[in-house]
Amino acid sequence: MASLHPGSTDSDQVLVEANGSTRTLILNRPKKLNALSPAMIKKLLRLFTAYGKDDGVKLLIMKGKGRAFCAGGDGGEGSLTILNDEGWKVGADFFRNQYLLNYIIATSTKPQVSLLSGIVMGGGAGVSLHGRFRVATDKTIFAMPETALGLFPDVGASYFLSRLPGFYGEYVALAGARLDGAEMLACGLATHFVHSNRLLLLEESLKKVDTSSLFVVCGIIDQFAEHPSLKQNSSLNRMEIIDKCFSKRTVEEIISALELVASNLADEWAVATIESLNKASPTSLKISLRSIREGRTQTIGECLHREYRMVCHALRGDFSKDYFEGCRAILVDKDQNPKWRPPRLEQVHDDAIEYYFSRIDDRQWEDLNLPTRHSHGRNIESKL
Ligand SMILES: CC(C)(COP(=O)(O)OP(=O)(O)OC[C@H]1O[C@@H](n2cnc3c(N)ncnc32)[C@H](O)[C@@H]1OP(=O)(O)O)[C@@H](O)C(=O)NCCC(=O)NCCSC(=O)/C=C/c1ccc(O)cc1
């Protein structure tokens, strides 16, 4: 099978530092904002699997090199090569490995502390938010921007976004809203907030840890943590409006409710939110809303299993090729002007949406099979 990203090597895109019984994993593709290549995903999978069995490893620290923690899966030029005939299966392999990694992280018995400095988007959220400790800073910019890319929030986002207060998850997913570190902490996506000028000190303290005790690790992070105030214009100060609008049954009804708020209150936030929704792929908006709604009552394993079916349909492009158009417009040609097909919400019918949630009709295709994970004789689930 062809390589999705030729030239990438396993060795240096994820660096590992060993200090006693801690391991620091450093995402190391700073020029690409640490976007996850297939080689990085494979290496992380190998490392997490090995550490899970190694009693000598007690704590994992994850961080990114440069100005980003991680800007997502690598949706650059390589991703467009999968448009040919059977090429979608190459893309499917990438997502299968990525979702397996998300699951291994979510069900790991070793505490993971992710230092979320800079950009945390898409796949970057997938390798961090399922872990036990998520440290946001004054430099964190979080988003799940996939609806603007013709995709949907994946990597288990239908699990972690659906568990946010009220209908905030629907807002974050559909509008691709950007959150700062204080907002991540307030809504529960982050467990701690540490000022960026104290992050190195925190890291040094964590490197001396010789236990997997959550109590001990939390105690160390607590020593550096602050409780920042939300900015006055934070979306979290608008929960009443968000709940009222984003609890509606359909995307069309959500937009109508926002339009009412915008006209009655001359609300700039509502106007900007409508603008984001109007720019996003109509197909993406509809499948994302259903994904978050289904995710609320599902386990992390069930969410990833369903998201894998959805992403395979998106890669096959039978109903819509918005995914490739989005990657082209945002990441490759950078004209920021994707041409969605179908272009309007009313042209995306329920049966098309239904189709994204069905099995793939291909005898050689397999559902995502996740390993059974046991801890002290019990199946374990994500800690979020
Ligand atoms: C707002 C960002 C994060 C920063 O903007 P910026 O500060 O103006 O910086 P640049 O946009 O110039 O980014 C610096 C470099 O990093 C690259 N980059 C920045 N994110 C990325 C990135 N996810 N990928 C691949 N290069 C990137 C970007 O293309 C550019 O490369 P180059 O032109 O060579 O300097 C911007 O880069 C951005 O919107 N990135 C996309 C974020 C995003 O939507 N992430 C989540 C979704 S990604 C996804 O779903 C994966 C899809 C995928 C599809 C098919 C596949 O086979 C595999 C994966």
Side-chain angles (χ1 to χ4, degrees), residues 1-8 13 27-42 64-84 86-99 101-102 116-129 139-157 161 172-173 175-180 276 279-281 284 287-288 291 307-308 310-317 321-338:
M1 208 169 255
S3 162
L4 187 51
H5 299 266
S8 54
Q13 294 183 354
L27 306 175
N28 182 36
R29 262 184 108 200
K31 286 189 183 149
K32 294 287 178 189
L33 306 183
N34 300 321
L36 297 169
S37 66
M40 289 165 86
I41 303 250
K42 278 189 195 143
K65 193 150 192 163
R67 70 183 168 103
F69 173 79
C70 172
D74 188 340
E77 205 125 8
S79 65
L80 300 182
T81 62
I82 59 181
L83 255 181
N84 60 27
E86 289 290 291
W88 72 272
K89 288 184 181 160
V90 181
D93 268 358
F94 171 81
F95 285 97
R96 177 183 284 274
N97 283 334
Q98 181 169 213
Y99 296 177
L101 173 64
N102 301 145
L116 303 174
S117 189
I119 294 159
V120 185
M121 294 186 184
V127 294
S128 56
L129 300 191
K139 297 215 163 93
T140 307
I141 305 168
F142 164 85
M144 295 303 287
E146 287 85 354
T147 58
L149 215 73
L151 192 59
F152 59 92
D154 63 336
V155 296
L161 291 183
V172 170
R178 289 190 178 187
L179 309 191
D180 64 20
S276 301
K279 266 174 107 177
S281 147
S284 293
I287 61 175
S288 300
S291 178
E307 289 176 11
Y308 183 65
M310 294 170 68
V311 85
C312 286
H313 281 295
L315 289 166
R316 276 164 57 108
K321 294 192 175 18
D322 280 2
Y323 187 19
F324 304 99
E325 174 59 6
C327 287
R328 181 205 64 72
I330 309 291
L331 290 167
V332 180
D333 298 342
K334 303 190 184 190
D335 57 29
Q336 312 296 328
N337 190 21

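Order of appearance sets the numbers: ligands from 1, and atoms from 1 within every ligand.
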Ligand 1 contact on Leu149 by region, counting heavy-atom pairs under 4.0 Å: side chain
Structural part of Arg178 in contact with ligand 1, heavy atom criterion under 4.0 angstrom: side chain
Sidechain-backbone polar pair: Asp74 side chain, Leu36 backbone, donor-acceptor under 3.5 Å: no
N/O separation below 3.5 Å, Tyr323 to ligand 1: no
Arg29 side-chain N/O to Ala35 backbone N/O, donor-acceptor pair under 3.5 Å: yes
Proximity winner for atom 10 (P) of ligand 1, if only heavy atoms of Arg67, Lys31, Lys32 are counted: Arg67
For ligand 1, the portion of Leu151 having any non-hydrogen atom under 4.0 Å away: side chain
Ligand 1 to Ala71 polar contact by distance, N or O atoms, under 3.5 Å: yes
Ligand 1-proximal atoms of Lys334, by part, heavy-atom distance under 4.0 Å: side chain
Those residues that, when tested against Arg96, pass salt bridge (Lys or Arg N to Asp or Glu O under 4.0 Å) (two or more places apart): none
Check: Asn28 and Met40 side chains under 4.5 Å, non-hydrogen atoms: no
Side-chain donor or acceptor of Lys321 paired with backbone N/O of Gly317 under 3.5 Å: yes
Donor-acceptor contact present, side-chain Ser288 to main-chain Ala173, <3.5 Å: no
Enumerate donor-acceptor pairs with a distance under 3.5 Å from any side-chain N or O in residues 143-156 to protein atoms, sequence neighbours excluded.
| from | atom 1 | to | atom 2 | distance (Å) |
| --- | --- | --- | --- | --- |
| Thr147 | OG1 | Leu174 | O | 3.0 |
| Asp154 | OD2 | Tyr99 | OH | 2.5 |

Backbone or side-chain N or O of Ile119 under 3.5 Å from ligand 1 N or O: no
Selection from Gly73, Gly66, Gly72 by shortest heavy-atom distance to atom 22 (C) of ligand 1: Gly73
